[in-house]
Amino acid sequence: MSFSWIFGEDLALDLGTSNTLIYSNKKDGKIIEPSVVAVDLNNYEIVAVGEKAKSMEGKTPDNIITLAPIKGGKIINFEIAQVMLTNLFKKAKSSFSIFNPKVYITISSGISEVDKRAIEDCVIYSGARSVEFIATAVASAVGMGLPVLEPSGSIVVNIGGGTVDVSLVSLGGVVASKFVDIGGDSIDYDIVNIVKNKYDLMIDKETAEYIKINLASFITSNITNNLSIFGRDINSGMPRNAIIYGKDITSSLFPLFNAVTDAIKVILEKTPPSMTGNILRNGIFLTGGCSKINGCVEYLENEIGIAVNVVENPLTCTCEGASKLINKIKIKNNRRKNNE
Ligand SMILES: Nc1ncnc2c1ncn2[C@@H]1O[C@H](COP(=O)(O)OP(=O)(O)OP(=O)(O)O)[C@@H](O)[C@H]1O
């Protein structure tokens, strides 16, 4: 008789700059929460984690601060990351499991051994029984339904909140990769500056993200689009609204997408000739939240001259892929045990 349902719980963890995703193999429930924690400075108590903490950003009294413990794929605040993960693991874990879960963490190509060790320690201190790493690109490729185990070669581009990971994946592993620690957050900060300089209006990062999601576009026919937003006049200090035009925001997209273009070119140069045919035939594959930016596919296709495909579920694709991989690993291990 197998007791794996009691102690065999596995979690897939995608620890992102903007969002943390956890999928359990025992529950249908999936945790998708912003990587944010709110702390009361009077007593250092945790006020909120995830969505609730994110909704407090920019609206807290002096004694409460919101903190984002992950940046560029690394833990920048160990204690806060631990609090966040402990809280999210509790939500994700099946109540029937007696033992702590084994956690499979997706990890970007450019993360150093020291940073990997910090992530491992943090996840263990947060209640994991043990930890294993899965390459983000491999998990994303599985989430996209690409034939990762075949020797054909696929280029997977993940553009997140704080990182860009471009990897050539083949035979279940990463053949070549380029990592850049810039992401959608950088667009938000650029939008804050553009709105300040062009509209004399101070806005917070959350409003800038709203503008990015709802207005920013590479498509020139969209640049007459506009959005009404509220902020504080930099001269009078008084609140007022402004109509922001898409054409003024487009420049905020170039630093990130030029970095993406350069990274893709590096990987194309490193791609073995035997794999180029497949890549030219099938194109490259885009995932991560910033692949939702309007017109980015056309922009990248124009820059690199290769077809670009965007996955339907760019925010969840990597964790979904990791979860599927865990099941494959389990099935393989069970088969091996049965044959022994
Ligand atoms: N519809 C959208 N349009 C434009 N940008 C979006 C959209 N939805 C999400 N984003 C942006 O995507 C980013 C978050 O993406 P994602 O969740 O893939 O990153 P992450 O995994 O948290 O970060 P990273 O992997 O870089 O550490 C944020 O910058 C967010 O503003």
Side-chain angles (χ1 to χ4, degrees), residues 12-23 30-36 50-51 54 57 68-77 81 84-85 88 105-111 115-116 119 134-137 139-140 143-144 156-167 177-192 204-219 222 225 227 246 249-250 252-253 255-257 259-260 263 285-297 299 310-322:
L13 168 67
D14 177 3
L15 193 55
T17 306
S18 307
N19 299 300
T20 294
L21 284 78
I22 304 174
Y23 285 19
K30 296 164 182 175
I31 304 282
I32 304 172
E33 295 270 1
S35 308
V36 184
E51 198 65 62
K54 169 114 178 151
E57 277 181 341
I70 315 296
K71 194 165 184 244
K74 300 171 193 168
I75 292 178
I76 55 165
N77 188 327
M84 181 180 85
L85 285 174
L88 297 181
I105 310 165
T106 58
I107 194 98
S108 285
S109 57
I111 302 303
D115 289 320
K116 253 170 107 169
I119 293 172
I134 297 175
T136 293
S140 301
M144 291 171 183
V156 175
V157 181
N158 195 321
I159 318 174
T163 64
V164 172
D165 183 333
V166 181
S167 295
S177 65
K178 176 80 184 149
F179 175 81
V180 194
D181 58 354
I182 174 175
D185 275 5
S186 71
I187 300 177
D188 304 343
Y189 292 118
D190 281 356
I191 292 176
V192 169
D204 54 21
K205 188 180 166 291
E206 293 64 54
T207 309
E209 185 179 22
Y210 177 77
I211 295 173
K212 173 182 71 182
I213 291 174
N214 294 287
L215 188 66
S217 171
F218 281 104
I219 297 176
N222 278 359
N225 282 0
L227 202 63
I249 300 303
T250 307
S252 66
L253 304 177
L256 172 61
F257 281 87
V260 173
F285 295 86
L286 214 58
T287 186
C290 289
S291 63
K292 287 183 157 197
I293 287 173
N294 201 6
C296 72
V297 168
Y299 178 79
V310 186
V311 66
E312 260 176 42
N313 49 346
L315 289 162
T316 55
C317 158
T318 305
C319 203
E320 275 173 31

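Note that these values count all heavy atoms, side chains included, but never hydrogens, waters or copies made by symmetry. Just follow the structure's listing: the first ligand is 1, and inside any ligand the first atom is 1. Numbering of residues begins at 1 and proceeds along the displayed sequence.
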Where's the contact between L315 and ligand 1, heavy-atom distance under 4.0 Å: side chain, backbone, both or neither? side chain
With heavy-atom distances below 4.0 Å as the criterion, list the atoms of ligand 1 near K212. 5 (N), 11 (C), 28 (C), 29 (O), 30 (C), 31 (O)
Side-chain touch I70/I75, heavy atoms, less than 4.5 angstrom: yes
Protein contact to atom 3 (N) of ligand 1 [nearest heavy atom, distance to 0.1 Å]: K292 CB, 3.7 Å
Looking at S177 and S167, would you say the former's side chain and the latter's main chain have a donor-acceptor pair under 3.5 Å? no
Below 3.5 angstrom, do we get any N/O pair linking N19 and ligand 1? yes
Please list the nearest protein heavy atom to atom 23 (O) of ligand 1 with its residue and the distance rounded to 0.1 Å. G161 N, 3.0 Å
Closest non-hydrogen atom pair, N158 against G288: OD1-CA, 3.5 Å
Which label fits F218 and Y299: parallel for a plane angle under 30°, tilted from 30 to 60°, or perpendicular past 60°? parallel
Just so I know, are the side chains of I191 and L215 near enough to count as touching, which here means a heavy-atom distance under 4.5 Å? no
Those atoms of ligand 1 less than 4.0 Å from some heavy atom in I293: 4 (C), 5 (N)
Can you tell me if K212 uses its side chain to pair, donor with acceptor, with the backbone of I187 under 3.5 Å? no
Nitrogen or oxygen of G162 less than 3.5 angstrom from that of ligand 1: yes
Do T20 and L13 come close enough that some side-chain heavy atom pair is under 4.5 Å? yes
Do any nitrogen or oxygen atoms of T163 come within less than 3.5 Å of a nitrogen or oxygen of ligand 1? yes
Test of proximity, D188 against ligand 1: N or O pairs below 3.5 Å: no
What is the nearest protein non-hydrogen atom to atom 21 (O) of ligand 1, stated with its residue, atom name and distance? G16 CA, 3.7 Å
Are the side chains of L227 and Y210 in touch, meaning some heavy atoms are under 4.5 Å apart? yes
Pick whichever of S18, G184, G72 has a heavy atom sitting closest to atom 28 (C) of ligand 1. S18
Judging by distance only, is a nitrogen or oxygen of G288 under 3.5 angstrom from one on ligand 1? no
protein heavy-atom neighbour closest to atom 27 (O) of ligand 1 works out as T17 OG1, 2.6 Å
For atom 30 (C) of ligand 1, find the nearest protein heavy atom and state the residue, atom name and distance (0.1 Å precision). E209 OE2, 3.3 Å
Can any side-chain N or O of S217 pair as donor or acceptor with the backbone N or O of I219 at less than 3.5 Å? yes
Between ligand 1 and G183, can you find any atom pair, the residue atom being a heavy atom, that is separated by under 4.0 Å? no
May I ask which of A68, G289, C296 has a heavy atom nearer to atom 9 (C) of ligand 1 than the others do? G289
Heavy-atom side-chain contact between K74 and I111 under 4.5 Å: yes
